[in-house]
Amino acid sequence: MSAPTVIVLAGQRAGVVNPLAERAGVSHKCLVPVGGKPLILHVIDVLARLSPRPEVLVSVEPEAHGELAVLLADYVQDGLPIAFVASARNLAQSVLIAAQGCPGPIVVTTADNVLLTAASIERVLAELKQSQAVACMASEAAVKAVHPEAQRNFYKFRDGGYANCNLYGLAGPAALGAIQVFREGGQFQKNPKRLITAFGPINMLLVRMGWVTLQGAMKLASRRFGLTFRALVFGDGSAAVDVDNERTYAIAEMVLNRRTSAG
């Protein structure tokens, strides 16, 4: 397997001022400091520790390229290949644009995924040796063990509730059809119609009725897209905590402080 490409989604919705960025006095949420450094640096730090080192593609609006290039210059000088690509109006298009010409494997994450670990990415890459598309999840119990308010919405399956970890894997160009899952811009929990568009009404009825397990839903998705989908379930619920708002900012900072104290 060749060295992976990691796409870091750092863009923001056009015309929308992110409250966290506004509070911090920065242009983009990915620049908001937490635990002593901007959100995106927590993610890049993890990528720099991978072996072999991946090619990193940061998907963000062109007006932010210059500022981020300065912020990430030390990593580039240290040998981590980082390039910038223009983000699109939705997650699906942003990934498709960034993934053009990438042979795979491809890992997709977000710049606010500050609790990301190298071990999580390595698990995704290992799974991509036998699956074409991977979605990372954490159980409701594991997430709430981190903090009762770490997540408020969970996908419900026959074997329990799960939260999205904002970490995905694609084996190569043939798996890009899985990006249709994001075609409606993500945030499925806030808009069930987007799930129906992505997975089809029959499949979603089975899920809504609680008749399938998480892995059973992945099999339905496999048939829907003609790909081998697999869910990776992480035992550490912090994998499902990203920085979306003041509540999750505080929880992520708490976990980062715990990790620092633990050495």
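Hydrogens, waters and symmetry mates are skipped; everything else that's a heavy atom, side chains included, is used.
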Taking all non-hydrogen atoms of both residues into account, name the closest pair between [X] and [Y] and its distance.
{"X": "Val46", "Y": "Ile121", "value": "CG1-CD1, 4.0 Å"}
{"X": "Ile251", "Y": "His147", "value": "CD1-ND1, 3.6 Å"}
{"X": "Ala98", "Y": "Val85", "value": "CB-CG2, 3.7 Å"}
{"X": "Phe234", "Y": "Cys165", "value": "CD1-SG, 4.0 Å"}
{"X": "Ala175", "Y": "Gln132", "value": "CB-O, 3.2 Å"}
{"X": "Leu227", "Y": "Ala174", "value": "CD2-O, 3.6 Å"}

Verify the distance criterion only: is there a donor paired with an acceptor across the side chains of [X] and [Y] at less than 3.5 Å?
{"X": "Glu67", "Y": "His28", "result": "no"}
{"X": "Thr248", "Y": "Asn245", "result": "yes"}
{"X": "Asp242", "Y": "Asn166", "result": "yes"}

Checklist entry - Rounded to the nearest 0.5 Å, how far apart are CZ of Arg259 and CG of Leu115? => result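 Nearest 0.5 Å value for the CZ-CG distance: 5.0 Å.
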
Next on the checklist: Quick check for you: to the nearest 0.5 Å, what is the distance between Glu140 atom CD and Asn153 atom CG?
Outcome noted: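 The CG atom of Asn153 is 10.0 Å from CD of Glu140, to the nearest 0.5 Å.
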
Checklist entry - Less than 4.5 Å apart, any side-chain heavy atom of Leu72 and any of Val56? => result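 With C-beta onward as the side chain, the pair stays apart.
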
Checklist entry - Out of curiosity, does Val243 fall in the hydrophobic cluster containing Met254 (side-chain heavy atoms, cut-off under 4.5 Å, transitive links)? => result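 The answer is yes; both residues are in one hydrophobic cluster.
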
Checklist entry - Are Val8 and Ile97 linked, directly or through other ILVMFWY residues, by side chains that come within less than 4.5 angstrom of each other? => result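 Different clusters.
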
